[in-house]
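Take a look at the structure set out below.
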Amino acid sequence: MNVQNIVELSKATKAASEWWRGGVIYQIYPRSFQDSNDDGIGDLKGITQRLDYIADLGVDAIWISPFFKSPMKDFGYDVSDYRDVDPMFGSLEDFRVLLDQAHAKGLKVMIDLVLSHSSDQHPWFAESRTSRDNPKCDWYVWADPKPDGTPPNNWLSIFGGSAWQWEPRRLQYYLHNFLTSQPDLNFHNIAVQDALLDVARFWLEMGVDGFRLDTINFYFHDKQLRDNPALPMEERNASIAPAVNPYNHQDHLYSKSQPENIAFLERLRALTDEYESCACLGEVGDAQRGLEIMGEYTSGDRRMHMCYAFEFLEKRPLTAPYAKQVFDQLEEKAGDAWPCWAFSNHDVQRHASRWQLGDDAIRQHAVLMMCLRGSACLYQGEELGLHEVDVPFERLQDPYGIEFWPEFKGRDGCRTPMVWVAQDEQSGFTTGEPWLPISAAQAEQAVDRLEADDQSMLHHYRRAIALRRAHPALASGAQSDMTQIGPVLTFRRESASETVFCAFNLGADSKQIHLPKGDWRIIGRDLGGADGAENVMLHPAQFCLMAMDKG
Ligand code: BGC
């Protein structure tokens with residue numbers, strides 16, 4: 001092999017190990033994907049049965065929301081055994097089969113590690129809460145009451161009320177950023193860090209390709225337990241918690257995003273670097289400093305590979321000025337940060353409903369996602385163009401929705417079961433009673449129906465993903481010249497061999513734009529009338545993509 005071959009080979013190996021950069025990740029919410037044993041709840045065997053469907057989408061990886069042992073108070077985001085599968089979802093053997101079969105189909109598998117907190121049923125917490133001097137006594141965040149008996153400070157739980165819960169056996173409070181049954185682990189204790197890194201190693205040894213890391217900026221709290229300051233009214237942003245939640249009244253300066261976190265993230269990265277091609281995707285929830293933290297956590301190559309961003313999960317629509325503002329800020333605060341964008345997930349209203357998008361706009365947004373710099377997460381059912389389901393109060397499961405109902409209905413509306421077969425009573429999801437209702441409206445867009453129509457949303461998503469794969473500039477190239485022209489957003493992506501020009505009308509009015517001069521070829525478009533080679537009228541929801549080879 002000559003030197004040139006070796007250089008090429010090492011480039012190819014690097015590119016393969018960087019599959020995550022610009023990769024498309026398909027998020028599976030296991031309870032609602034496919035039931036294989038008719039108990040009305042999806043499971044691992046069900047996912048395995050559907051791997052061909054996922055591979056046919058053309059995505060690079062799947063991220064499976066938690067399937068570990070759990071009392072399911074927060075539907076798996078409350079883990080009572082990090083090294084086992086909840087019987088509801090199957091067994092470790094079922095997971096091994098899923099992993100092997102996914103790999104055989106060329107899919108990477110990312111699992112969702114919830115390290116910031118455990119369930120109160122975890123043996124660590126069961127021991128920790130018994131006394132102030134047991135071996136696990138400082139594995140969680142314990143604090144004395146104020147002299148008047150009230151909690152040690154003003155920190156709030158995202159799911160409502162104080163972030164502190166009283167434990168009569170210790171005569172102390174413990175910290176929980178979410179439910180009272182989700183006590184926060186104490187990351188200031190190195191033994192806790194070591195135990196959690198061992199958990200990560202357990203799954204890496206089994207062969208997983210990466211982690212989606214839940215609430216990564218919540219790992220550490222301020223040791224001095226200082227009060228969070230109030231946030232001025234004009235700075236409140238309901239992107240993490242719903243507007244009716246007083247969590248938005250605080251600037252969470254001390255309860256999360258602490259500087260000590262960096263050293264832990266570096267430990268975690270060093271561990272994952274021992275395993276080839278492993279990727280870490282950290283979820284950063286911070287309504288004020290999200291992009292800044294993303295920059296801090298992904299800069300260089302010793303921390304996270306990418307961070308999961310909330311900017312396009314917000315209620316506010318993805319308009320041209322907003323997109324430009326987000327990317328300008330990203331550039332300014334975190335030039336080399338690597339974001340991972342999502343429009344929908346298991347925590348927010350599906351974007352088709354949230355942004356009131358018609359079919360054309362849903363299609364356009366799918367293409368936009370494939371053109372923006374960053375990795376991309378698609379949430380199950382998004383590829384069918386599904387809208388949110390209105391789950392009646394009597395059927396609500398999500399404690400968050402029950403707490404803030406009716407002003408906020410919680411997260412059940414985006415978690416209803418996947419629709420596979422239009423004519424089936426339970427849409428092919430189960431033959432039992434589904435844990436959340438299946439929507440008749442969604443069933444109209446079931447996979448079998450869309451599969452049969454070459455012009456359907458499902459085929460459109462496949463084409464959009466294929467477009468990104470065919471143009472490395474779109475997946476991992478540089479992004480430049482982002483410009484807002486009225487409702488239209490334009491930008492360029494660039495690889496070593498090609499430049500791609502992208503234009504999207506994200507508004508409600510038509511706008512004529514001037515296309516750049518040169519030897520461009522159209523690689524994707526949804527245009528009304530083009531009025532000349534250099535000018536084009538972009539109507540709402542239309543877009544134009546052109547590529548030019550580099551000389
Ligand atoms: C997950 C939620 C979960 C929370 C607490 C989030 O970011 O996505 O579903 O309730 O973390 O673990």
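Ligands are counted one by one from 1 in listed order, and the atoms in each one are counted from 1 as well.
Of all the atoms in ligand 1, the ones that sit under 4.0 Å from a non-hydrogen atom of T215 are 7 (O), 11 (O). Those atoms of ligand 1 that come under 4.0 Å of a heavy atom in R411, given as number and element, are 2 (C), 3 (C), 9 (O), 10 (O). Less than 4.0 angstrom separates some heavy atom of H117 from each of these atoms of ligand 1: 5 (C), 12 (O). Residue R415 has at least one heavy-atom neighbour below 4.0 Å for each of these atoms of ligand 1: 9 (O). Under a 4.0 Å criterion applied to the non-hydrogen atoms of H346, ligand 1 contributes the atoms 1 (C), 2 (C), 8 (O), 9 (O). Applying the 4.0 Å criterion to heavy atoms of E283 picks out, from ligand 1, the atoms 6 (C), 7 (O), 8 (O).
At a threshold of 4.5 Å between non-hydrogen side-chain atoms, the residues T416 and L386 do not count as touching. Side-chain contact between V85 and L44 is present, with at least one heavy-atom pair separated by less than 4.5 Å. Between I111 and F67 the shortest side-chain heavy-atom distance falls below 4.5 Å. A heavy-atom distance below 4.5 Å is not found between the side chains of K73 and Q182.
Ring geometry, F312 versus Y322: the interplanar angle exceeds 60°, so the pair is classed perpendicular (tilted spans 30 to 60°).
At the shortest separation from atom 3 (C) of ligand 1 among protein heavy atoms lies D74 OD2, 3.3 Å. Counting protein heavy atoms only, atom 9 (O) of ligand 1 is closest to D347 OD1, 2.7 Å. Shortest contact from atom 4 (C) of ligand 1 to any protein heavy atom: F178 CE2, 3.8 Å.
For ligand 1, one of its N or O atoms has an N or O atom of D214 under 3.5 Å away.
Between Y247 and H252, the ring center distance clears the sub-6.0 Å criterion. Under the 6.0 Å cut-off for aromatic ring centres, W420 and F33 qualify, their centroids lying closer than that.
For F159, every heavy-atom contact with ligand 1 shorter than 4.0 Å involves the side chain, none the backbone.
Not a single heavy atom of K73 sits less than 4.0 Å from an atom of ligand 1.
Distance check, rounded to the nearest 0.5 Å: CH2 of W435 to CZ of R31 gives 4.5 Å.
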